[in-house]
There are 2 protein chains.
Amino acid sequence: MTKRNATSADVAILAGVSQSTVSRSFDPDSRISEATRQRVFAAAEKLGYQINKAAQTMIKKRSDLVGLVTAGLEDPFRSEFLHKLIVEVQNCGLRPMVMDVSNQQTIDEELHGLIQYQLSGVIITSGTPSENIGKAFIRHGIPVVLVNRTEHSDEADIVNLDNEGAGAIAAEAFMKSGKTNLVVVRAKKPSFSSVMRAKGFLNYLASHINNDEIQATEVLCETGSYDSGYQIADKILTSQHKPDGVFFCMDHIACGFLDAAKQLITAKEMQSIGVIGCDDIALARFKAYDLTTVKQPSTEIAKAAVQTLLNRLKYPTSAPSKQAIPAELIYRSTLAKPITD
Amino acid sequence: MTKRNATSADVAILAGVSQSTVSRSFDPDSRISEATRQRVFAAAEKLGYQINKAAQTMIKKRSDLVGLVTAGLEDPFRSEFLHKLIVEVQNCGLRPMVMDVSNQQTIDEELHGLIQYQLSGVIITSGTPSENIGKAFIRHGIPVVLVNRTEHSDEADIVNLDNEGAGAIAAEAFMKSGKTNLVVVRAKKPSFSSVMRAKGFLNYLASHINNDEIQATEVLCETGSYDSGYQIADKILTSQHKPDGVFFCMDHIACGFLDAAKQLITAKEMQSIGVIGCDDIALARFKAYDLTTVKQPSTEIAKAAVQTLLNRLKYPTSAPSKQAIPAELIYRSTLAKPITD
DNA sequence: TTGTACGCGTTATCAA
DNA sequence: TTGATAACGCGTACAA
């Protein structure tokens, strides 16, 4: 009942070997006779023995926990991405420790707490930790991977979507479809991803417009939420300069817009307005929206993030890496694929 | 650079006290002079000292990690619920270690791995672990809280939505609205929640029907997904016994149904068919669906689950608890609130 | 209130 | 291949 957990010493006695031999038996890289190993396993099984990770961590100075720092999980993309990270971390034999830093004035303090866990690494996907928090981790020997946070860091590895490229893809699609009056929508509060996407969108147009035929303006909505998209629709659709193409830096803002549009204008009118979202969240393919979007390959990015971490653990002193993963246009019904030659 | 992390011993030397005094300084319950504590804190700050959780866990025989076992995170409700659990666990000064057991043939083995972490507890919200896995945890002194998994356990604490009550609420709502030809839809693969909801729905009707005026049948769709709802619409809407009220055991199945219905029948026809979902996921309030639903108060359930765990840690030997948290009807446009006197 | 001494369960080192 | 022994960094009796 209240008997304490079996230790390697208990197993050793039952198996008639030394405690060190038990330890070695559970290390695949240790050379040990198959006979004793089996004897040890049998004894361990009988006692319900499990390695004590705390003790192991003390020696190795490294737990196999990976900190996943996130925020704003009400954003569907972030949520979907977190899940992929969780699965990916698990697949590498590591364990995800999740940390939500939404509504935290004291992010830095909170993050410092993670140092206590001798983490194998930290993957930061959201939140706005100060520059030096990353350095704090590095100083304590904990590798940091930044995902969609910034373009440059002296110490942390970086994995990003090619956000500018994503914006450019949307712009290109509109041009191919002959749209001439464009709008790009992002949340007022600047996030790295959204700002870069909008920038990529506008830059592409600027460098591909030879005359004044195409106009593009940036519109800011309140937040990066469905509701914000819903609210901004009126402003966009009733302007004297009604656009024929709208690029949203996040899918669910686009969904809000589409729902509002159904009430503001006729389906026929709506058909002439192309809409492109960004991320390709699950919702985008629902029939209610069927949203053409620039897909952020989240599985690939999650894999890359974890792989980057493993690499860093293997080569702790190599130079910080940086990769930008390309986006991909998914045509659905809000902007039909143009007939190509 | 490669200097090792500061330990309590280092802090002790710098502060001119013993190592145990440092240890005590970081324990709020320890009585210690404020002067020395401040001196210790100052020294700790200077050295960037952080408690080593591994060492702490060894002594206390308990980490402050809580295992969150889940599966099928593509289901929006599960995903939303996981996030609330994460936040709730964090708010209690504990850390969530998430484990996804989707597509795992070896759930039991995987779960056994958790024992290595000296977890403070495990909250199981999904997956179909065998009965004895719970017992394995208990045997190792790790409390288990089951959420929406079953109605009975000898060893684990249980927190459930009142699933039968949720079904009954939906049935009652249809009756109040004068609906007479009802259908309840759940996924073919029986999950505890869905089965109980359907059961509650049908039982309520059975015990409140005094004549043959009301008919109710159960329809099974392939899985618990949006697509399944989309696919099942045809079968429901083209039956010779077309219903005037449909209860879906999960919101997003209802959303799939609604999207399909828009293409199968006119908006006018659809108006005469009441639709109720269950869970109240974020999607349900989007204008594209505006789904009347039986809300599963997920924040409350998450709070209850964590609180139950804390209670168990406080009183390890008390009898297993069981609570059913009531659901609540949220009227939206797919079934209008009847005018009451 | 503070210090001394010990043990938690594992891995790593070294010798056999 | 195996065994003895020494850390790892903390919490906690016990003594002062």
Side-chain angles (χ1 to χ4, degrees), chain A residues 2-41 43-44 47-65 113 115-120 140-141, chain B residues 2-41 43-44 47-65 113 115-120 140-141:
Chain A
T2 324
K3 70 167 175 249
R4 83 191 203 305
N5 287 354
T7 72
S8 56
D10 301 328
V11 176
I13 293 171
L14 181 58
V17 296
S18 76
Q19 182 270 330
S20 337
T21 299
V22 175
S23 175
R24 275 190 282 259
S25 301
F26 285 92
D27 174 8
D29 297 337
S30 251
R31 251 172 288 287
I32 207 173
S33 86
E34 198 51 34
T36 43
R37 175 168 269 155
Q38 289 314 322
R39 205 143 37 89
V40 168
F41 280 178
L47 296 177
Y49 168 74
Q50 296 276 341
I51 290 183
N52 183 323
K53 282 287 180 185
Q56 188 182 63
T57 300
M58 278 202 50
I59 300 293
K60 299 219 196 181
K61 305 205 168 297
R62 176 148 290 164
S63 74
D64 42 16
L65 257 33
I115 293 172
Q116 306 178 333
Y117 287 87
Q118 323 296 103
L119 299 179
S120 283
H140 285 265
Chain B
T2 325
K3 70 170 175 247
R4 84 191 201 302
N5 287 353
T7 72
S8 56
D10 300 328
V11 176
I13 292 171
L14 181 58
V17 296
S18 75
Q19 178 269 325
S20 28
T21 298
V22 174
S23 176
R24 276 189 281 258
S25 301
F26 284 92
D27 174 9
D29 297 337
S30 249
R31 250 172 290 287
I32 208 174
S33 87
E34 197 50 34
T36 44
R37 176 168 268 154
Q38 287 315 321
R39 204 144 36 91
V40 168
F41 280 179
L47 296 177
Y49 168 75
Q50 295 277 343
I51 290 182
N52 183 324
K53 283 287 181 185
Q56 188 182 62
T57 300
M58 281 206 45
I59 300 290
K60 298 222 201 180
K61 306 206 166 294
R62 175 149 290 164
S63 73
D64 40 16
L65 257 34
I115 293 172
Q116 305 179 333
Y117 287 87
Q118 322 297 102
L119 300 179
S120 283
H140 285 265

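Being a predicted model, the structure only gives us computed values, none of them experimental. Naming convention: chains lettered A, B, ... in sequence-line order (proteins, then strands); numbering from 1 in each chain. Worth knowing before you read on, the calculation uses all heavy atoms, side chains too, and leaves out hydrogens, waters and symmetry mates.
- Out of C/dT11, D/dG9, D/dG3, the shortest distance to the side chain of B/A55 is found at D/dG9.
- B/Q50 contributes atom CD, which lies 13.0 Å from atom OG1 of B/T7 (distance to the nearest 0.5 angstrom).
- Remark on the helix from C/dT1-D/dA16 to C/dA16-D/dT1: inter-end axis angle 30°, axes from five-pair C1' superpositions, rounded to 10°.
- Contacts of B/F26 with the nucleic acid, taken as non-hydrogen atoms under 4.0 Å apart, are absent.
- Counting only residues at least two apart or on different chains, the side-chain hydrogen bond (donor to acceptor under 3.5 Å, both in side chains) pairs with a member in residues 21-31 of chain A are A/S18-A/T21.
- For the contact set between residues 27-39 of chain A and DNA chain D, defined by any heavy atom under 4.0 Å, the members are A/R31, A/I32, A/S33, A/T36.
- Between B/S8 and D/dC10 there is a side-chain N or O to OP1 or OP2 distance below 4.0 Å.
- Residues A/D10 and A/N5 approach most closely at OD2-O, 4.1 Å, considering heavy atoms.
- Between A/M58 and B/A54, the shortest heavy-atom distance links the atoms CG-CB, 3.9 Å.
- A heavy-atom distance below 4.0 Å to DNA chain D is reached by these residues of residues 12-20 of chain B, ordered by number: B/Q19, B/S20.
- Atom CD in A/Q56 sits roughly 19 Å away from atom P in C/dC8 (whole-Å rounding).
- Comparing B/R24 and B/N52 by the nucleotide of DNA chain D that holds the closest heavy atom to each, the one mapping nearer the 5' end is B/N52.
- Here the closest non-hydrogen pair linking A/G48 and B/H140 is O-CE1, 3.2 Å.
- Shown here are the side-chain contact (heavy atoms from CB on, under 4.5 Å) partners of A/L14, two or more places apart in sequence or in another chain: A/A43, A/K46, A/L47.
- In this entry the distance linking CG of B/D64 with P of D/dC10 reads 15 Å, nearest Å.
- Considering only side-chain atoms of B/M58, the nucleotide from C/dT2, D/dC10, D/dG9 that sits closest is D/dG9.
- When all heavy atoms of A/V17 and A/R39 are compared, the closest pair comes out as CG1-NH1, 4.0 Å.
- The separation between B/R62 atom CZ and C/dG9 atom P is 14 Å, rounded to whole Å.
- Across every non-hydrogen atom of A/L119 and A/R62, the tightest pair is O-NE, 4.0 Å.
- The side chain of A/K53 places no N or O atom within less than 4.0 Å of a non-bridging phosphate oxygen (OP1 or OP2) of C/dG9.
- Each of B/N52, B/T57, B/D64 was compared with A/Y117 under the side-chain contact (heavy atoms from CB on, under 4.5 Å) criterion, and only B/D64 meets it.
- In this structure, A/D10 places its CG atom 13 Å from C1' of C/dC8, rounding to the nearest Å.
- Regarding A/Y49, its OH atom lies at a distance of 8 Å from the C1' atom of C/dG9, rounded to whole Å.
- The shortest distance between the side-chain N/O atoms of B/S23 and the OP1/OP2 oxygens of D/dG11 is below 4.0 Å.
- Scored by the ring pair (Phe, Tyr, Trp, His ring centres under 6.0 Å) test, B/F26 finds B/F41, B/Y49 as partners (sequence neighbours excluded).
- Judged purely by distance below 3.5 Å, without hydrogens or angles, the side chains of A/S63 and A/Q118 never pair a donor atom with an acceptor atom.
- At the phosphate of D/dT12, neither OP1 nor OP2 sits under 4.0 Å from any side-chain N or O atom of B/K60.
- Distance A/I115 CD1 to D/dG9 P: 16 Å, rounded to the nearest Å.
- When distances are taken from the side chain of A/I51 to each of C/dT10, C/dT2, C/dC8, the shortest belongs to C/dT10.
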